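Here is the structure we will look at.
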There are 2 protein chains.
Amino acid sequence: MADQSPSGESLLFLTDEQLRKGIEAMFFAYRGFTADPDRILEGMDYGRAHHRAIHFIHRSPATTVSNLLSVLGVTKQSLNRVLRTLIEDGLVEARVGRKDKRERHLHLTAKGQELERALSDAQRARMRAAYRAAGPQAVAGFRTVLEAMMDPEMRKQYQGLKEGGT
Amino acid sequence: MADQSPSGESLLFLTDEQLRKGIEAMFFAYRGFTADPDRILEGMDYGRAHHRAIHFIHRSPATTVSNLLSVLGVTKQSLNRVLRTLIEDGLVEARVGRKDKRERHLHLTAKGQELERALSDAQRARMRAAYRAAGPQAVAGFRTVLEAMMDPEMRKQYQGLKEGGT
DNA sequence: AATTTACGTCAGCCTTGTTGACTTTCCAAG
DNA sequence: CTTGGAAAGTCAACAAGGCTGACGTAAATT
């Protein structure tokens with residue numbers, strides 16, 4: 001599945017020029033990708049870091065600080081700064097673990113869900129437009145290439161979040 | 001071309017769940033995308049901002065500061081800080097324009113080309129591996145979706161750089 | 001009882017972005 | 001030839017969000 005060498009000409013998609021185009025596509029697309037949430041967040045006291053925290057708490061409720069740490073790939077101190085303001089502002093709730101009381105299980109409050117909604121609505125709108133314009137086949141390819149581009153550990157995070165529960 | 005509504009089920013790729021997967025794929029993949037150059041740059045006095053400047057000077061030699069400014073989407077002051085160190089360190093040369101002497105035309109020195117080579121080799125290696133694993137069709141879809149995701153202005157930059165010369 | 005784990009926090013630093021104000025150079029239009 | 005404005009550079013101050021190092025505390029584990 002990964003190694004069919006058909007003729008020789010179909011390897012043209014591996015030229016340096018094609019790779020460079022892909023690199024720049026990533027650069028410019030990522031700017032678009034973050035533009036809408038950034039616009040919403042500017043003015044509030046929050047930034048991209050808060051968005052990321054909110055996103056992953058939303059998608060994995062009751063996640064622990066450690067979990068979040070490894071998903072986001074930042075230091076405890078960096079995350080803590082963000083998390084503290086979100087908790088103080090009443091967007092996130094940190095519940096002491098029942099089984100292991102050292103752990104903090106993170107949840108979005110109603111207010112937190114509200115902001116999450118606004119942010120992800122904006123981001124999804126752009127994504128949806130792009131998906132629709134490109135079509136299902138292109139989308140499948142898009143996901144395939146991105147997944148292949150991840151570090152193995154990140155790929156585990158990405159896939160694991162699919163059905164991974166608590 | 002953009003609006004063929006076949007049955008109803010093929011719209012499943014536009015569900016919120018699919019969009020969320022795409023969003024997270026972008027997040028995790030972008031980390032991988034920047035990981036290798038970042039590793040090279042750490043230890044040197046340079047960062048991602050220097051990499052970006054070097055990349056676009058390499059691909060559009062003799063570009064002006066203004067051009068670079070609009071491609072990178074940062075302020076003059078931000079870019080200038082980066083550019084100054086690159087010039088001081090002899091990686092970039094700023095030639096006064098012949099026609100318009102206010103302009104500075106930017107070029108990589110031999111030393112600059114060397115670093116550019118190291119950085120883009122690393123980044124291309126990952127890209128190539130991902131492309132090869134995914135196959136040409138997936139790559140086409142990848143590029144299509146990314147392009148659709150860009151802001152119109154960025155898309156112009158992206159496409160314009162294809163054949164756009166001096 | 002000792003150690004490890006999970007979390008929080010203080011302090012300080014770096015990169016890279018921002019705004020605002022100002023200067024120099026120089027093209028082009030009056 | 002003068003002047004307006006564009007292009008470029010620079011200084012200062014600030015903020016977000018990374019980082020390291022050191023330390024503290026509570027709870028689980030050994």
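In what follows, every chain begins at residue 1, and chains take the letters A, B, ... in the order their sequences are listed. Computed from a predicted structure; not experimentally measured.
Rounding to whole angstrom units, CZ of residue B/Arg52 and P of C/dT15 are separated by 14 Å. We find that CZ of A/Arg104 is positioned 10 Å from C1' of D/dT25, with the value rounded to whole Å. Between the C1' atom of C/dC7 and the NE2 atom of A/His105 lies a distance of 12 Å, rounded to the nearest Å. Between the CG atom of A/Asp38 and the C1' atom of C/dT18 there is a distance of 13 Å, rounded to whole Å. For B/Arg95 and C/dT25, the CZ to C1' distance is 21 Å, given to the nearest whole Å. In this structure, the CG atom of A/Asn80 is 13 Å from the P atom of D/dG18, given to the nearest Å. One interatomic measurement links the two molecules: CG of B/Leu69 to P of D/dG9, which rounds to 10 Å at whole-angstrom precision. What separates CG of A/Leu83 from P of C/dT9 is a distance of 10 Å, to the nearest Å.
Of all nucleotides listed (C/dC7, D/dA28, D/dG18), D/dA28 comes nearest to the side chain of A/Arg102. Nearest nucleotide to the B/Gln77 side chain, out of C/dT19, C/dC7, D/dA27: C/dT19. Candidate nucleotides D/dG5, C/dG8, D/dT10 were compared by shortest atom distance to the side chain of B/Lys76, and D/dT10 ranks first.
Residue order along DNA chain C, read from the 5' end via each residue's closest nucleotide, puts A/Asp100 first among B/Met44 and A/Asp100. Judged by closest nucleotide on DNA chain C, A/Glu103 is the one of A/Arg81 and A/Glu103 placed further toward the 5' end. Remark on DNA chain D: of its neighbouring residues A/Gly73 and A/Lys99, the 5'-side contact belongs to A/Gly73, judged by nearest-heavy-atom nucleotide.
A close approach under 4.0 Å does not occur between any side-chain nitrogen or oxygen of A/Thr75 and OP1 or OP2 of D/dG18. Within the structure, every side-chain polar atom (N or O) of B/His50 is placed at least 4.0 Å from both OP1 and OP2 of C/dT15. Distances shorter than 4.0 Å separate some side-chain N or O of A/Ser78 from OP1 or OP2 on D/dC19.
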(Q) Evaluate B/Phe27 against A/Phe56 for ring-ring contact (aromatic ring centres under 6.0 Å, His included), listing each step before the verdict. (A) CA-CA 11 Å; B/Phe27 174 69; A/Phe56 284 106; 5.4 Å; yes

(Q) Applying side chain to side chain donor-acceptor pair (under 3.5 Å) to B/Glu24 and A/His55, what does each step give before you reach the verdict? (A) CA-CA 9 Å; B/Glu24 292 185 2; A/His55 174 95; 2.7 Å; yes

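Contact annotation: side chain of A/Arg48 to base of C/dG17, donor-acceptor pair absent below 3.5 Å.
In this structure a side-chain-to-backbone donor-acceptor pair under 3.5 Å is missing from A/Thr64 to A/Glu103.
Annotation: B/Glu153, atom CD; neighbour count of heavy atoms from other residues, nucleotides and ligands within 6.0 Å does not exceed 12.
The closest side-chain donor-acceptor pair between A/Tyr158 and A/Arg143 falls under 3.5 angstrom.
Looking at heavy-atom distances under 4.0 Å, A/Arg84 makes contact with sugar-phosphate atoms alone, never a base.
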